[in-house]
Amino acid sequence: MTESPTHTKQVVNDFSMVVATANGSGSLTSNLALIRALFRMGIPVSGKNLFPSNIQGLPTWYTIRASSDGHTARRDSVEILVAMNASTFAEDHAGLSAGGACFYADNLPKPRARDDIIYYPMPIRDLVKEVNPPRNLKDYVANMGYVGIVSEMLGIDLEAIRGALLTHFHGREKPVELNMGMITLAAEWARDNLEKQDPYRVQAENKTEGKILIQGNTAGALGAIYGGVSFASWYPITPASSFADALREYLPQLRKDNGKNAFAVIQTEDELAAVGMAIGAGWVGARSMTSTSGPGISLMAEYVGLAFIVEIPLVIWDVQRMGPSTGLPTRTSQGDVMFVRYLGHGDTKNVILLPGSVAECFEFGWRAFDIAERLQTPVFVLSDLDLGMNLWMSDPFDYPDEPMDRGKVLTAEQLEEIGEYARYRDVDGDGITYRTLPGNEHPLAPWFARGTGHDDQAFYSERPDDWERNMERLMRKVDSARELVPAPIQHGSGKARVGLIYYGSTESAVQEARARLSEGLEIDTLRLRAVPFSAEVKQFIDDHEVVYVLEMNTDGQMHKLLQLEVPEQATRLRSLTQNNGLPLTARWIEQSVADQAGG
Amino acid sequence: MTESPTHTKQVVNDFSMVVATANGSGSLTSNLALIRALFRMGIPVSGKNLFPSNIQGLPTWYTIRASSDGHTARRDSVEILVAMNASTFAEDHAGLSAGGACFYADNLPKPRARDDIIYYPMPIRDLVKEVNPPRNLKDYVANMGYVGIVSEMLGIDLEAIRGALLTHFHGREKPVELNMGMITLAAEWARDNLEKQDPYRVQAENKTEGKILIQGNTAGALGAIYGGVSFASWYPITPASSFADALREYLPQLRKDNGKNAFAVIQTEDELAAVGMAIGAGWVGARSMTSTSGPGISLMAEYVGLAFIVEIPLVIWDVQRMGPSTGLPTRTSQGDVMFVRYLGHGDTKNVILLPGSVAECFEFGWRAFDIAERLQTPVFVLSDLDLGMNLWMSDPFDYPDEPMDRGKVLTAEQLEEIGEYARYRDVDGDGITYRTLPGNEHPLAPWFARGTGHDDQAFYSERPDDWERNMERLMRKVDSARELVPAPIQHGSGKARVGLIYYGSTESAVQEARARLSEGLEIDTLRLRAVPFSAEVKQFIDDHEVVYVLEMNTDGQMHKLLQLEVPEQATRLRSLTQNNGLPLTARWIEQSVADQAGG
Amino acid sequence: MATAVKTRKTKANKVGLAKANYKGRPSTLCAGCGHNSISSQIVNAAYELSLSPHQIIKLSGIGCSSKSPAYFLGRSHGFNSLHGRMPSLATGALVANRSLKAIGVSGDGDTASIGMGQFVHLVRRNVPMVYIIENNGVYGLTKGQFSATSDHEQTLKYAGTNPFMPIDLCMEALIANSGFVARSFAGDPKQVRELIKAALSFEGTAVLDIISPCVTFNDRDESTKSYSWGREHEDPLHDVTYVPRYEEIEVDYEAGETTEVRLHDGSALVLKKLDEEYDPTDRSAAIQILEQARANQVLATGLIYFNADLASLQDSEQMIERPLSELTVDELRPSQESLQEVLEGFK
Amino acid sequence: MATAVKTRKTKANKVGLAKANYKGRPSTLCAGCGHNSISSQIVNAAYELSLSPHQIIKLSGIGCSSKSPAYFLGRSHGFNSLHGRMPSLATGALVANRSLKAIGVSGDGDTASIGMGQFVHLVRRNVPMVYIIENNGVYGLTKGQFSATSDHEQTLKYAGTNPFMPIDLCMEALIANSGFVARSFAGDPKQVRELIKAALSFEGTAVLDIISPCVTFNDRDESTKSYSWGREHEDPLHDVTYVPRYEEIEVDYEAGETTEVRLHDGSALVLKKLDEEYDPTDRSAAIQILEQARANQVLATGLIYFNADLASLQDSEQMIERPLSELTVDELRPSQESLQEVLEGFK
Ligand SMILES: Cc1ncc(C[n+]2csc(CCOP(=O)(O)OP(=O)(O)O)c2C)c(N)n1
Ligand SMILES: Cc1ncc(C[n+]2csc(CCOP(=O)(O)OP(=O)(O)O)c2C)c(N)n1
Ligand code: SF4
Ligand code: SF4
Ligand SMILES: [Mg+2]
Ligand SMILES: [Mg+2]
């Protein structure tokens, strides 16, 4: 590659590259090779896969962002386009930032040229002919073509690419060689035939030292495993399936008992069965969970109400996708907050954890069980497609720093000592009563679980006072969750006039926006990590004149829950929402806040 | 009956009489005979059946309230007890007001006598022996024993009793004679052997002239029929089953087409199927509904979200019972408000109607269809067990005073004229788009209904702008319901410092409380009749320093929805709830308001 | 094959429509997916039967299979409903408008896993519709998990090995008293088409369990849902030919070689005997054939059971012929007098 | 009947408990309800088998039948779950603690109407439990509506006339591959008791469809779910006697007259031939007997199908013998080192 004299000042390790392909063409391998290579070169990266809800042939965009500053959020501008899909070339081409680089398969019908971007044609077909791979691998190999050319033109180390592929193919040399063949050939072709004219390049740094690159669903599943999950039931659904996949991949490695499984992961016939099984397992004393997405949550409503009133601990991991209804199965959203909080008819009320990073997916993965067993109630973890299925950079996860809390469970020995037992008697005055597990051989142990009204011995009761007493205790119990759940995280001096409350996967975009905003108007931020809210939340709202509540749903659901939390300050809270399936960008946040706060 | 000289001043047509029996013993016939007889004597009455969730042998209390002033709510005090159930005699006996009358089957073990009540033993067994009815009718006839004795001692006209029985047995003389035999025998026995000592008596008046006595479920079903319901799907559940029963009873009378049914009422396999069928029927253009209670609502969540996004009109009648979960199937509550408002994952939001009387059950029964078809969305009607299954006095229902509104449906002819069609194009700018029905032969008519993201032609779309535009329109549409739904009803000068907001079946108790309060502190009241709220609601809150929100659930659900409606006045709203399965009493309301408002 | 041939010659059919008028939007399913070939046979059947598109509704659940209604009969209304819950939606639609013909397309996951309950009850009510299961023994749209019809002990790339026995949806339909139970194979387009035509002329729930290979996740030769397995193991019970009402049955077979079953609209399905006699009106024979096929691992295709004497749901409910959806406002709202009468009963 | 008699003589059984220790709370069901008599046979069976109550869990859905677990085995844990969804709860409980024996009690509405899907999938997974359907062909608790097992064309006071065909839950269990399918009659207590004992010794889903008359809503003589009909039409396939592991099978019948089936714990169910030979291990014979009973309207009772060779769900899932619920904190949380290793894979 010969440096062009004419080229403008270089931009190093700071760009968004979009690879536009059709899904089912195996481009994911190529994109993962690119992103992992950058990562291994010490450059902070993030990867977002924008894919259709089908299996083959529809447009897919994979965005790789490199950011020396470590920003991992989506960003509006695209500096580098790799166009492999005729059907979207025109649109993608139009969306490229001025001064950007446009790599395109030279067989694509080229839209009218722009004079503000640099074009790099890629002779993918000819290159494939030259390599001549087995028929069934043609597509895969073709995609390696752009890996080679892009690497050459940006300066991505082919050894890093090779290493990435080795990881991908679990060390199997053969496929690696086949693909590297194409990649090097393409790279050489580029060196000989293309002239670097765009400013974007990569340069090794050391900013990913010791870090990992992982998806939230994998992180959450690992967290659950280190939280001791022994039973998981699930029904396939995008974007939650890969959570169960990860359980099925890692549990056998981590929880075998001479050859046998010391766990069970059951694929059910639907979500009613999934949550039903999880409740059955939670009842007998397993650390039990189910993972799903919106439609599954709807189907779980009746059983969740039962678990609430019988007081069965379980964890329900909701990887949110765009709703209502089937909605956009492959687009992200935070639209289940309100529904999950009150899931179940009657007066059901649920505890919610809100991870904001893959590290928190791991942490809440184990914490959720401690909280569920402590409170003896369903605990929901609301992740989303962006956090769950995309690749995020993170420090390695901390091993759980607290002993497991199995909650109030009485053994036969303890019963023998105490000499009496009533399942729903509030002996400690904290609203949390003592469980005994099926199999407990003490004659005092048995109680009959029922969703119907009951007295403190779990006997059927229609008495008004029994009902009132029990509900009063349940509300007190669920509300006491605020002391157990992870406290919110605040940034800023605390003295700013304007506050911003947010949660979940918008963390990355807010981090970046904070950096941008810091120049302009001063702002304090608070990231919620659970519902009900810890005391700090009210304090934060008290301390700020205006508080924006940022979220990815249409109805401003968390804004509503916060208004209910602080009626005195209800009017300080302003809802700030965008909900179109795409992760938020720092720029959008910056502008919306700036606009609203009047700069 | 010989008037006792010693007796205190008489109390005429103003008492609560409780008949305590075991369920499955056929006492309902007797109680209905009594209440209908009083009603026919021109005395305002109401009847509440407090029954267990089982079929035979458990305690049941039937309360008949006679009130010259026309009060129909439950009241705490019991002036007359008819004790037929040994297992509850002691408790019931203890609960009787001082000066009250205690009629009891003389074979019951009698608790230690109180000197502040009057006892009337009833030789039920001997009387039955004398009548000697067929074995299978013994229980029924036995229960007629107290009808005769109580009638005699209170002065209930036996002819009125006879008429009531004739109605009950649809004019069949035989059963009437058998029962009257026992009744007159018992009455004679009382005349000869009992001395009237308590003050309670009835006297014919003319305060029920032209009125009817009916249950809310029957009223609602009739309303639906006059609203043109042509398809109803349901799954049996207490307290909603009698709604479908009424449809099945009256539709054949009112909507036959030479011998064939011009309607369908389908019992389904569960509530998922019930709502699914109703949506299918609504899609093709039937006036479609389903009736259920809490557990059914939970199971309908997923399908409701689909109807919301596809924009299918249907009516869902929820006769609320005590939840969470199976809860207390035979106890009343208003616990589904919050859950129903946001039923469905994602950003689903639903319209709710809140009937406060049997007359409104009828009215909303037909109105709900006009609103549902106008808005093309599911409309929920929240009744409850008290309103739905108990007997209420009412003016005869008004025939619908508005023409049926079938909403925006385009015929083939209209399509021909317009020449173009897009299912989800907001041509009128009101958020409501035009439907075409399957079967429409115009080539432009077809559209493909889907719960997935779509453009205005209903074609599948994952485009961010399509999604945002559609959701913005849907939220606007559902919100515009506030102009369509029945406005709230206010009482009072409007100048009071204290306001009371309430809804649904608490109407009767509030009416009575209003009368009582009027003496003490001045108070204005507003009865909500729908969610979202009409403008008057905000105005009412603005106009009052303190506004109590009265409801029968634990979490103060409507209080929350109102807080969200008026963030500026959120702190003026005070939640006032009681939720123990029993209907509210005027006294409780009066005291709670008085206490809180500081007298 | 008189019919088909004849109609194919003429460009426009009896209602003046070309085959193109029965097509839908371009398929977004994988190239080679069995579902696509079934879609084309639905197009052919509707075209050759000269059905008016507006008389048809298309229904489905969720899945690749359930997407396919978007890819045929673009001139018909359709409803892509919820996963496993299409039967109830179909029931409501068809009760409310019994003049509509319904084609339901579902998948093995959609019907045998999540949809088992609604499927059984749809059949039990005998809701008149064509219910097609595009059976590929796998969850396509969610990328290759096992469904309730996956082979016992089979291994799939992502899902591992399946320890459970497959559900036989024809058997389920049979014991739920369906009057039209058929099995076919997407690799046998002619049979698929003729069976669909017959099903469209049947007034009751017609269940077609069609093996429809998923080329992306379950097309390995050893899978009983693969093309190659189907081709090698298909064992048709008979050769089926649909003969419309308005045609003499003059398909020239020697006597005895063929039997026919009469459909409600007067048309018929002619069954040409192959190796063994098979009487689809014999319920126990039907059960046996399914049991044998199961035991011997063959793909027995054709009309497995037929019974035209069962009352449809609408008849069981003694409904009028007219669509409820067409009742006028006056018909829907009873008179003022009638209300007064009714209320009298509550005085 | 050696067993029963023997144990009955002695007051306390092998685990030192009297029969009273197996009773529950007083029943609140109607006097004469079939469900009550089944409850007593459950008590007898558990007592005579000398089961430790803490090893048993009781499960049910919603209905009068589903209330009954409160009325037996008061010393066992129990779960009265949701209408139609007990199978999933049972599955989770038994997978998480496979040392528990489960007795599930459901109704015909709970299983055949709302619960059809979960029932089929429970059986298909072969979850080891006794699954009893107290089948009265009606919804008792909601006062007399038809269920999916109500007789075709039967008329009930409130519900009118039923146009639909009943679902045969034994047939459903059979084709869903249950290894233990039995039918009985609450009016035949001995048979009920012996079958329950056998079911409790079987390691797989044992389905017992027990006709259990609802005296309040469906006990008219013409109803196939009534006492009188059952008494007149019961046609036992054989006389059944359970013989525990620790006893020699020395029930004195003449050779040839009896066959026996061996249960997983070594005990056996001895089947005494009545009029005709019947081999419950022959699947097609089982299907036939159900078809015949259906056609001839007889109540064929006894062990309809038996197959002890099917893997239980826990074995299919290759699980450890120990209850997952007993894993210690240390066993549940993998080591710190293991986490570092795992994370290496993401660098
Ligand atoms: C309630 C619910 N759960 C899960 C899903 C996710 N999902 C979509 S399609 C599908 C399975 C489809 O399999 P199948 O019916 O066999 O159709 P195929 O794709 O194989 O044609 C699932 C589980 C969903 N859409 N809704
Ligand atoms: C989701 C839900 N829908 C409806 C009900 C109301 N319900 C209670 S029991 C029952 C039917 C019980 O019938 P069955 O299972 O046959 O039991 P049985 O009472 O006849 O013994 C119904 C519909 C409910 N509890 N939950
Ligand atoms: S994934 Fe399978 S079922 Fe889905 S479209 Fe592709 S081939 Fe067909
Ligand atoms: S109603 Fe029927 S099923 Fe219920 S308890 Fe009474 S007899 Fe038994
Ligand atoms: Mg499939
Ligand atoms: Mg029943």
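Numbers restart at 1 for each chain; the letters A, B, ... are given by sequence-line order, proteins then strands.
Around NZ of D/Lys347, the count of heavy atoms belonging to other residues, nucleotides or ligands within 6.0 Å exceeds 12.
Most heavy-atom pairs under 4.5 Å with chain A, from the set D/Gly74, D/Pro69, D/Ser60, D/Ala93: that is D/Ala93. In terms of non-hydrogen atom pairs under 4.5 Å with chain D, the most contact-rich of A/Lys260, A/Met393, A/Glu269, A/Glu441 is A/Glu269. Counting heavy-atom pairs closer than 4.5 Å to chain A, the top-ranked of the candidates D/Lys67, D/His77, D/His54, D/Gln318 is D/His77. Contacts with chain D were tallied for A/Trp366, A/Tyr460, A/Phe231; A/Phe231 has the most, counting heavy-atom pairs under 4.5 Å. When each of A/Ala262, A/Gly282, A/Pro396 is scored by its heavy-atom pairs under 4.5 Å with chain D, the top score falls to A/Ala262. Chain A forms the most heavy-atom pairs under 4.5 Å with one residue out of D/Gly345, D/Ser81, D/Ser325, and that residue is D/Ser325. Contact tally against chain D (heavy-atom pairs below 4.5 Å) for A/Pro438, A/Gly439, A/Gly285: the top residue is A/Pro438. Of the listed residues A/Ile279, A/Thr452, A/Leu437, the one with more heavy-atom pairs under 4.5 angstrom with chain D than any other is A/Leu437. In terms of heavy-atom pairs under 4.5 Å with chain A, the best-connected choice from D/Thr91, D/Leu343, D/Leu82 is D/Leu82. Among D/Ala70, D/Ser335, D/Ser52, the residue making the largest number of heavy-atom pairs under 4.5 Å with chain A is D/Ser335.
Heavy atoms closer than 4.5 Å to chain D are found nowhere in A/Ser233, neither backbone nor side chain. The parts of A/Ala445 that come within reach of chain D are both its backbone and its side chain, each placing non-hydrogen atoms under 4.5 angstrom from that chain. Contacts of A/Leu213 with chain D are made by both backbone and side-chain atoms, with heavy-atom separations under 4.5 Å. Of the two parts of D/Pro53, neither the backbone nor the side chain holds a non-hydrogen atom closer than 4.5 Å to a non-hydrogen atom of chain A. Contacts between D/Leu100 and chain A at a heavy-atom distance below 4.5 Å involve the side chain alone, from C-beta outward. Heavy atoms closer than 4.5 Å to chain D are found nowhere in A/Leu251, neither backbone nor side chain. Contact annotation for A/Leu222: only side-chain heavy atoms (C-beta onward) come within less than 4.5 Å of a heavy atom of chain D. Interface remark: A/Phe369 contributes no atoms to any contact with chain D (heavy atom separation under 4.5 Å). Neither the backbone nor the side chain of D/Arg124 comes within contact range of chain A; no heavy atoms are under 4.5 Å apart. With a threshold of 4.5 angstrom between heavy atoms, A/Arg450 approaches chain D through its backbone and through its side chain. Interface remark: A/Val229 contributes no atoms to any contact with chain D (heavy atom separation under 4.5 Å). For D/Ser99, no part lies near chain A; criterion is any non-hydrogen pair under 4.5 Å. Contacts of A/Asp405 with chain D are absent, with no heavy-atom separation under 4.5 Å from either backbone or side chain. Within the 4.5 angstrom heavy-atom criterion, no atom of D/Gln55 approaches chain A. Of the two parts of D/Ser76, only the backbone, made up of N, CA, C and O, holds a non-hydrogen atom closer than 4.5 Å to a non-hydrogen atom of chain A. With a 4.5 angstrom heavy-atom cutoff, A/Thr436 touches chain D via backbone and side-chain atoms both. Looking at A/Thr268, both its backbone and its side chain come within 4.5 Å of chain D, counting heavy atoms on both sides. Only the backbone of A/Phe263 comes within contact range of chain D, with at least one heavy atom under 4.5 Å from a heavy atom of that chain. Heavy atoms of A/Ala278 lying under 4.5 Å from chain D are absent altogether. For A/Ile225, the parts lying near chain D are the backbone and the side chain together; criterion is any non-hydrogen pair under 4.5 Å. Neither the backbone nor the side chain of D/Leu73 has a heavy atom closer than 4.5 Å to any heavy atom of chain A. Heavy-atom distances place no part of D/Val120 under 4.5 Å from chain A, backbone and side chain included.
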Could you go through A/Leu306 and D/Phe79, starting from their C-alpha distance and side-chain angles, then the distance that decides it, and tell me whether this counts as side chain to side chain contact (heavy atoms under 4.5 Å, CB included)?
CA-CA 11 Å; A/Leu306 179 69; D/Phe79 207 132; 3.7 Å; yes
For A/Leu254 and D/Val342, run side chain to side chain contact (heavy atoms under 4.5 Å, CB included): C-alpha distance rounded to whole Å, both residues' side-chain angles, the deciding distance at 0.1 Å, then the answer.
CA-CA 9 Å; A/Leu254 295 166; D/Val342 169; 4.2 Å; yes
Applying side chain to side chain contact (heavy atoms under 4.5 Å, CB included), run through D/His121 and A/Asp270 and close with a yes or a no.
CA-CA 10 Å; D/His121 288 283; A/Asp270 68 9; over 6 Å; no
Derivation of the side chain to side chain contact (heavy atoms under 4.5 Å, CB included) call for D/Ile57 and A/Trp283:
CA-CA 11 Å; D/Ile57 52 175; A/Trp283 170 52; 3.8 Å; yes
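Relative to the six-membered ring of A/Tyr303, D/Arg85 misses at least one condition, a distance below 6.0 Å or an angle of at most 45° to the axis.
Ring pair A/Tyr250/D/Phe346 is tilted by interplanar angle, where 30° to 60° counts as tilted.
Note that the OG atom of D/Ser338 and the OH atom of A/Tyr399 stand 6.5 Å from one another [nearest 0.5 Å]. Residue D/Ser88 holds its OG atom at 12.0 Å from CD1 of A/Ile266, rounded to the nearest 0.5 Å. Rounding to the nearest 0.5 Å places CG of D/Leu324 at 13.5 Å from CZ of A/Arg287. In this structure, the separation between CZ on D/Arg125 and CD on A/Gln267 is 8.5 Å, given to the nearest 0.5 Å. Put simply, CG on A/Leu272 and CD1 on D/Ile114 are 9.0 Å apart, with the number rounded to the nearest 0.5 Å.
Using modelled atom types, one side-chain atom of D/Arg333 and one backbone atom of A/Tyr226 make a donor-acceptor pair closer than 3.5 Å. With A/Asn261 contributing its side chain and D/Glu317 its backbone, the two residues share a donor-acceptor pair below 3.5 Å.
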